[in-house]
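Heads up: the structure comes next, in C-alpha cells.
We name chains A, B, ... by the order of the sequence lines, and we start the count at 1 in each one.
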Protein chains: 2
Amino acid sequence: MKTILELQRQLLPDLLDVMRKRYEVLRHLQLMQPIGRRSLASALGMTERVLRSEVEFLKERGLVRIDTVGMQLTHPGGDLVSKMEPLIKDLFGLTDLEADLCRVLNLEKAVVVPGDSDRSDLVKKEMGRAGARLLKQIVHPGQVVAVAGGTTVAAVAEMMTSSAVLKESTFVPARGGLGEAVELEANYIASLMAQKAGGKYRLMHVPEQLSKEAYQMLLREPHIQEVLDLVHSARIVVHGIGDAIAMASRRKASPALLRELKEKGAVGEAFGYYFNQEGEIIHRGRSIGLSLEDLKHVDATIAIAGGAGKAKAVAAVCPVSGRDTLITDEAAARAILDNDGC
Amino acid sequence: MKTILELQRQLLPDLLDVMRKRYEVLRHLQLMQPIGRRSLASALGMTERVLRSEVEFLKERGLVRIDTVGMQLTHPGGDLVSKMEPLIKDLFGLTDLEADLCRVLNLEKAVVVPGDSDRSDLVKKEMGRAGARLLKQIVHPGQVVAVAGGTTVAAVAEMMTSSAVLKESTFVPARGGLGEAVELEANYIASLMAQKAGGKYRLMHVPEQLSKEAYQMLLREPHIQEVLDLVHSARIVVHGIGDAIAMASRRKASPALLRELKEKGAVGEAFGYYFNQEGEIIHRGRSIGLSLEDLKHVDATIAIAGGAGKAKAVAAVCPVSGRDTLITDEAAARAILDNDGC
DNA sequence: ACCTCCAGGGACATATTATGTCCCACGTAG
DNA sequence: CTACGTGGGACATAATATGTCCCTGGAGGT
C-alpha cells in the first residue's frame, strides 16, 4: 500500500497537489460549516474564484451541499474526510514538515525529501535533484549563480539537467579555495553544474592560506577581479551546510583554530563562515569571494544539507537570511524541529 | 489498496486516466528506446505536442533522459515501470480478466497484457516479454523446452533474456517443417531463443510435405532420432495459436485441404493441429515431432496469442490441456469472454 | 567525406481552461 | 426593516494546453 503512494508521488505529483487542495477545502469545511465562499477562501488562503471552482467540483461529486446559509459537507463528504486523513498524512507529512521548517527557521521555502542522507546515498541524490529543479524554477535568464563546495552541492550539480533559461546563466564559485578536495571544491562544482545545465562558467583559482600581501596582489589581478565582480553580482547562491568541527578538520585547519572553534561553540559552517548555536559568526575562513554582506543583495539563497547529524548545524546557519530556501531530508527536518522544542 | 484508489478517485476522477497515460508513455519508451518524439507519439496515438508535454514532465521528474539519439528511460524510470506493472493490471481489471479466462478455458494460469496486438506491434512485444518472464519462472534446470513457430512465439524469443537456469536448458523445435517462412519456423525460433537465453539448442531440419516412405527413412536417421527423443522428453512447450484458415493459407495448403478445413469448421491451429470450435482435432499437418500425446506428459504448456481476431481460435485450442498457461492481450481476452457468454 | 534521416527544441497561433473582479438578488439574523 | 453574508451570474484577462511548423545538429550508412 505504501508502494502505491510512492509510485504516485513519482508519477503524479501534480495530481496529488490537487488532491491535497481539495482535501483541505473539505477539512476546513468540516470545521467551519456552514460557511460562505469568501470567508472560507480567506481561511484557506485561496482566492475566492479558485475556491469557487473547487467547490463547484465537490458539489458536482456530491461531497458538499450548498444552500442559502452556506456550504456544508454532505454525509459522504464527511466520510471521505475522515477516511482520507491517514492517507493525506502519509502523502503530505513532509509537506507539513516543510511548513514547520519555514516558520521555525524563518525561511522563504523549504523542501524536505524522504529518508536520511546519513544512511543512504540515494537521499542525497534526491536532494540534489530537488535542488536542481528548484534552481531551474527560480533563476532568471542572464543571472549569475554562485555555488559553494561540498558533497551536497556536488549532488545538485550531478543531478542538474539542461534547460533554456540556464543556458543564459553564468555559474561561478562562491568563494576561493578553502582547502577542499578537488571534486568538492566550489570551482569544480561550478564548472560541473554549468556543463550539465548547458550554461557558462567562470572559475577563480585562488590558493588557500595565503599571506595578506599575496591576497592583496591577487585581488588586483584583472581576471581575478573580473570573476570577483561576477561573484558579487550573483543573484542566486547555492551552498551546503556543514558541521563546524567536521568541516574544519576536513579542511585541515590548525589545532589552534579547532580549539578556538570548540571553545566558542561552533556548530555550523557555510561557505567559509563558522556559526555558533545562536547563529552568530565566530570565525571566517580566509578566502575571497562572496561575503555575508553580499547575501543581503541576492534574490535567493538555496541551502542544502541533510542527515540527522546536520540538524544543529542547519538550525544555526539558516536563520541568517530571510530569503533562504532550505533543501533537506526528513531526518534532519525532524531533528531540527525536535531540537526547537516544537 | 483498492480503497486508497477509491478514495482518491472521489477527489480526482481523472486520476486513473492520467496515470495510465503517463504509464503508457513510460512503458512504450521502455520497449522502443531510444526513440524520437514523433515516432513515439504515433505509436501511442497521441499528438506530438501532447506527448512532448508529458515527456517534459517526466524528464523534470528524472524518469526520462533526453539526448541526441532520442528519449530513454533513466534507471529510476525503468524501476518505476516494473513496479507499476502489477498495479496497472489491477487498476484496469486485467487481473480479473485473467481469473475469468482461467475458469472459462480451464487454464492453470492466464496472463493478460493491456492493449490489442492487432493494432500495435508493441502489444505483441509485451506478450513476448510476459512469455519470456513466465518461462524463466517455471523452467527447471536441465529441462528441455520445445517451441513452436509463428510470430508470437518469435516475440517471446526476441524478448528473452539470459538467466542462470536457462543456461542449463535445451531448446528444440516442437515439430518439423510445416511450410513456414524461415524467420517464423520453429527451428529458427528455437535457436534464437536459446541464444538470447544463453542455453543450448538442437535443431531438426525436416522438409515439409514428404512422402510417407521418405518420412520413415528420415525417422531412422540417428541425428534426427536423437533430436526427436529430446522433443518427446520436453517438459515445457511454448506455442502460438493461429486462425485455422489463415495458418493453412500461410503454409500454402492445397485448395482441397482448405476446403476440407472450412467444411469441418476449423477455427484454431496450434503446432500443426487444426481444431474446430468444440476443440476437436479435425486435421493434423503432416510432420514429425511433438504430438498431442506428448502434451499429456509435459509439465507446462505456454500458449501465446493475442488480438481480438484470434479470440475464437484461442477458445477452440486452449481447453485441450488442463495444465495450460495462456498469454494473451486484453482485446483477445475480452473477446473470448464475450463469446463465451459470460 | 558526404548525405540522409531522425533526433530535440524553438516559435507561434489558437483553443481551452483557470482566475480575478465585479455585481446582483436573496435569506437570515438582529 | 436593515445590514450582513450567502450563492451565483457575468466577463475580461491570464495562464495553460495543443496543433503545426520549422530549424539545427548528430548518428549512421554510403
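We find that CZ of A:Arg65 is positioned 16 Å from P of D:dT6, with the value rounded to whole Å. In this structure, A:Glu60 atom CD and D:dG8 atom P are separated by 11 Å, rounded to whole Å. To the nearest angstrom, P of D:dT6 lies 9 Å from CZ of A:Arg37. C:dG8 atom C1' lies 16 Å from atom CG of B:Leu58, rounded to whole Å. C:dA18 atom P lies 14 Å from atom CE of A:Met46, rounded to whole Å. Spacing between atom NZ of B:Lys59 and atom P of C:dG9 amounts to 5 Å, rounded to whole angstrom units. A straight line from CD of A:Glu48 to P of D:dG5 spans 13 Å, rounded to a whole angstrom. B:Lys21 has its NZ atom 10 Å from the C1' atom of D:dA17, to the nearest Å.
Counting non-hydrogen atoms of other residues, nucleotides and ligands closer than 6.0 Å to CD of A:Gln137 gives a total above 12. For A:Arg9, the CZ atom is densely surrounded, since the number of other residues' heavy atoms within 6.0 Å is greater than 12.
Judged by closest nucleotide on DNA chain C, B:Gly70 is the one of A:Arg49 and B:Gly70 placed further toward the 5' end.
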One pair to check against side-chain hydrogen bond (donor to acceptor under 3.5 Å, both in side chains): A:Ser42 and A:Arg38. What are the steps and the verdict? CA-CA 6 Å; A:Ser42 75; A:Arg38 279 163 272 261; over 6 Å; no
Worked check of salt bridge (Lys or Arg N to Asp or Glu O under 4.0 Å) between A:Lys89 and A:Glu85: CA-CA 6 Å; A:Lys89 206 168 173 185; A:Glu85 191 185 326; 6.0 Å; no
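Between the base of D:dG7 and the side chain of A:Arg38 there is a donor-acceptor pair shorter than 3.5 Å. For a distance-only test at 3.5 Å, the side chain of B:Arg52 qualifies as a donor-acceptor partner of the base of C:dG10.
Within the 4.0 Å cut-off from OP1 or OP2 of D:dT6, at least one side-chain nitrogen or oxygen of A:Ser39 is found.
Between D:dA27, C:dT19, D:dG7, one nucleotide has an atom nearer to the side chain of B:Thr68 than all others, and that is D:dA27. When distances run from any side-chain atom of A:Ser53 to the nucleotides C:dG20, D:dG26, C:dT19, the shortest one goes to C:dT19. With D:dT6, C:dG8, D:dG8 as the candidates, the nucleotide lying closest to the side chain of A:Ile35 is D:dT6.
Remark: the B:Lys124 side chain and the B:Thr151 side chain contain an N/O donor-acceptor pair separated by less than 3.5 Å.
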